[in-house]
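Take a look at the structure set out below.
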Protein chains: 2
Amino acid sequence: MKKYLDILKAVNLFEGIEESDLPPLLSCLSSKQSRYEKGQTVFFSGESIKQFGIVLSGQVQIVQDDYYGNRSILAKIDAGNLFGESFACSQIKTLPVNVIATTESEILFIDCCKLAVPCTRACSFHSKLIQNMLNIVSMKNILLTQKIEIISKRTTREKLLAYLSSEAKKAGEARFYIPFNRQELADYLFVERSAMSAELSKLKNDGLINFHKNQFELL
Amino acid sequence: MKKYLDILKAVNLFEGIEESDLPPLLSCLSSKQSRYEKGQTVFFSGESIKQFGIVLSGQVQIVQDDYYGNRSILAKIDAGNLFGESFACSQIKTLPVNVIATTESEILFIDCCKLAVPCTRACSFHSKLIQNMLNIVSMKNILLTQKIEIISKRTTREKLLAYLSSEAKKAGEARFYIPFNRQELADYLFVERSAMSAELSKLKNDGLINFHKNQFELL
DNA sequence: CTCCTTTTGTTGTATTTCCAACAGACTTAT
DNA sequence: ATAAGTCTGTTGGAAATACAACAAAAGGAG
C-alpha cells in the first residue's frame, strides 16, 4: 500500500487529509485492494454494490449494454480517480453498468457505509471524508445539469450559443478560450463536426461571435 | 414548525428518522425557516451558499440566465422537496442560478456542513441523515447520467430506441408502461412531438416495437 | 347514447443536419 | 527549407427533423 501513497494523496476524496493519516484512515474504512487482469470485470451489471473503487494503477471502463445488447462506454477512469461512487452511495439495488479493467489494474475498494457512518472512535478525518464525497458527487451533478441544459437545444446554432454563453459567464468576460478543438466540441455537443463548423461561420457572419481556433468572443 | 411536521416526515432526507426526532434534529442542525412572497428571490446567482432549502409550502423555481440574458427554467420544486443541495454541498463559489418563489412559500434552510459533520453530542440520527443525503445526490447523479446517455443520440429514432431499451431493462421485461404521453415523451427527448410520432410508427412498421398509448413492447 | 375535447397519427413542405469530398491553413517532422 | 500530416472551413446532395394543418382515435361529460 505504501506503493500507492503518492496516488492516494492526490485523490480528491482525501483532499485536506494529511498523508500520514492515510494508512490509519484506510484501515478504519476496512478498505480492500484487488488486482484485475486486462479485460476482467470489476463490477457486474445486475449486482448490488456498496463499495466504490479507486484506481491505483491501470484503467477501467464503465460500460453499459442496452436491451438489444448494444454496448456503450460511459466513462474511462484512470489512476487516481474514483468510480462507482454514485452506485455505492445510492439505494440502487441493481447495477445498470459493468466496470471492466481496460489494462491490468490495481483497485482499492471502500465501503460507502463505512465512509458515511463515523466510527465509534471518532476519527478526526471522518467528517472531512464525508464532506469531500458530498462535494464530489454534487459537483458532478452540477456539471451534468449544465450539460443537459446545453444539449437540450434543438438546433446546432442554439447548442453553440448555449455553450459559448455558458463559457462566457464562467470566464466573466466576452472573450475566452475553450478547451476543445472542433471535433471535440462537436463530440461534446453531440453534433456533426463540419455542420457545426458551417454554423460557426454563420454565427460569425451574422455578427454574433468572433473566433479564431479555440479563442472566442461574443459580440 | 409543528405545522409542517407532516410535510417534513415525508421528505426523503428524513427517511428512517422518527417523527418525534425531527424537532431536536432540526434544532441540532440550526435550521432556519423563512417566508418568501411570490416573485421573491431565495438565492441569487453569483453568491456562495452553504445552505440548501426544503420547500415547506408553495413552490420555487430554479432559473438560469445566459450571457445574453435569456432565461430558462431548470426546475420547479414543490412542497416536500429539497433544492440547492448540490450547490450547498459542493465547493462551488458562485451560484450559477437564481431560485425564485413562484408562489408565497415557506422554506426551511439547512446548512450542509452542519449536516455532514456529526455534532459533538453524537445524535443518533446524524448518520442516517448523512446516508440519506449521499443517497439523494447519488441517485440524482445516476439519473442525470442515464438521461445524457439517451439524449446524446443524434436521431430521433436512436433516442427513442435508447429510451425504450432503458425502460425495458428497468422493467426487466420486453413489455412495459412509460410515464409519459406523447408530448411529454417528446419534451423528455428534446424532439418535436409529431416527428417523433411518425418515427414511432416507422419503428412499429419496421417490426422493432409495438405500442398502444403508453404501453410498449420491444420485439 | 351523443357531443365535445384532447390526444395521437399522418402528410406535404420547408428547414436543418449529416455525409463525403476536397481545398486551404496550420503544425510537425526531417 | 520541404514534405507529410492534421485541423478547419466549404460545398452539394441525401437524409432527417420541424412545422402546420388536419384527420382519426380516444376519453370525458351530460
Side-chain angles (χ1 to χ4, degrees), chain A residues 66 68 70 72 147-165 167-168 175-219, chain B residues 66 68 70 72 147-165 167-168 175-219:
Chain A
D66 71 10
Y68 300 103
N70 301 312
S72 41
K147 177 149 192 185
I148 288 179
E149 184 59 22
I150 289 162
I151 62 177
S152 70
K153 311 301 179 187
R154 296 255 185 98
T155 65
T156 301
R157 187 183 180 92
E158 284 181 325
K159 282 175 181 176
L160 279 169
L161 286 174
Y163 173 72
L164 294 174
S165 174
E167 289 295 304
R175 188 181 299 211
F176 53 90
Y177 290 87
I178 67 168
F180 302 125
N181 64 30
R182 291 294 180 272
Q183 187 60 60
E184 287 162 349
L185 180 57
D187 289 342
Y188 181 82
L189 299 177
F190 301 121
V191 296
E192 205 274 319
R193 178 203 64 81
S194 65
M196 179 194 77
S197 204
E199 193 58 50
L200 278 173
S201 295
K202 278 190 216 157
L203 285 167
K204 183 190 255 190
N205 292 338
D206 290 346
L208 292 188
I209 65 172
N210 209 354
F211 61 88
H212 176 69
K213 300 294 285 295
N214 65 335
Q215 178 174 22
F216 287 78
E217 183 180 12
L218 302 190
L219 305 171
Chain B
D66 72 8
Y68 300 104
N70 301 312
S72 41
K147 178 152 191 182
I148 287 182
E149 185 59 24
I150 289 163
I151 63 176
S152 70
K153 310 302 179 186
R154 296 251 187 102
T155 65
T156 301
R157 188 181 180 94
E158 285 180 326
K159 283 177 183 175
L160 280 168
L161 286 174
Y163 173 72
L164 295 174
S165 174
E167 289 296 304
R175 187 179 303 210
F176 52 91
Y177 290 86
I178 68 168
F180 301 124
N181 65 30
R182 292 292 181 272
Q183 186 59 61
E184 287 162 347
L185 180 57
D187 290 341
Y188 180 82
L189 299 177
F190 302 120
V191 297
E192 202 272 321
R193 178 204 63 81
S194 63
M196 177 193 79
S197 205
E199 193 58 50
L200 278 173
S201 296
K202 278 189 214 156
L203 284 168
K204 184 192 257 191
N205 292 339
D206 290 348
L208 293 190
I209 63 172
N210 209 353
F211 61 88
H212 175 72
K213 302 292 289 295
N214 65 334
Q215 177 173 23
F216 286 80
E217 183 180 13
L218 301 190
L219 304 170

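Just so we're on the same page: letters track the sequence lines, and every chain starts at 1. Below, all heavy atoms of this structure are taken into account, side chains as well, without hydrogens, waters or symmetry copies. Everything numeric here is computed off the predicted structure, so don't read it as measured data.
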Any [X] side-chain N or O less than 4.0 Å from OP1/OP2 of [N]:
| X | N | value |
| --- | --- | --- |
| A:S197 | D:dT8 | no |
| A:K202 | D:dT10 | no |
| B:R193 | C:dT10 | no |
| B:R182 | C:dG9 | yes |
| A:S201 | D:dT10 | yes |

Distance, rounded to the nearest Å, where [X] contributes [atom1] and [N] contributes [atom2]:
| X | N | atom1 | atom2 | result |
| --- | --- | --- | --- | --- |
| A:Q183 | C:dC19 | CD | P | 11 Å |
| A:D187 | D:dT8 | CG | C1' | 15 Å |
| A:E199 | C:dT16 | CD | P | 8 Å |

**Request:** Identify which nucleotide among D:dA18, C:dG9, D:dG27 has an atom closest to any side-chain atom of B:F211, counting heavy atoms from C-beta outward.
**Result:**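 Per side-chain heavy atoms of B:F211, the pick is C:dG9.
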**Which nucleotide in C:dT11, C:dT27, C:dT16 has an atom nearest any side-chain atom of B:A198** =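 The nucleotide sitting nearest to the side chain is C:dT11.
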**Request:** Tell me which of A:V191 and A:H212 sits closer to the 5' end of DNA chain C, going by the nucleotide each one is nearest to.
**Result:**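 On the 5' side of the pair lies A:V191.
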**Message:** Between A:K213 and A:A195, which residue's closest nucleotide on DNA chain C lies nearer the 5′ terminus?
**Reply:**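 The residue closer to the strand's 5' end, by nearest nucleotide, is A:A195.
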**Asked** Honestly, is A:K147 close enough over A:Y188, meaning NZ or CZ under 6.0 Å from the six-membered ring centre and within 45° of the axis?
**Response**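 Yes, A:K147 sits over the ring of A:Y188.
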**Asked** Is there a donor-acceptor pair under 3.5 Å between the side chain of B:N214 and the backbone N or O of B:I178?
**Response**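 It does hold such a pair.
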**Prompt:** Is it true that atom CZ of A:F180 has more than 12 heavy atoms of other residues, nucleotides or ligands lying nearer than 6.0 Å?
**Reply:**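 Enclosed: over 12 neighbouring heavy atoms sit under 6.0 Å from CZ of A:F180.
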**Prompt:** Nearest 0.5 Å, what's the CG-CZ distance between A:D206 and A:R157?
**Reply:**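 Going from the CG atom of A:D206 to the CZ atom of A:R157 covers 4.5 Å.
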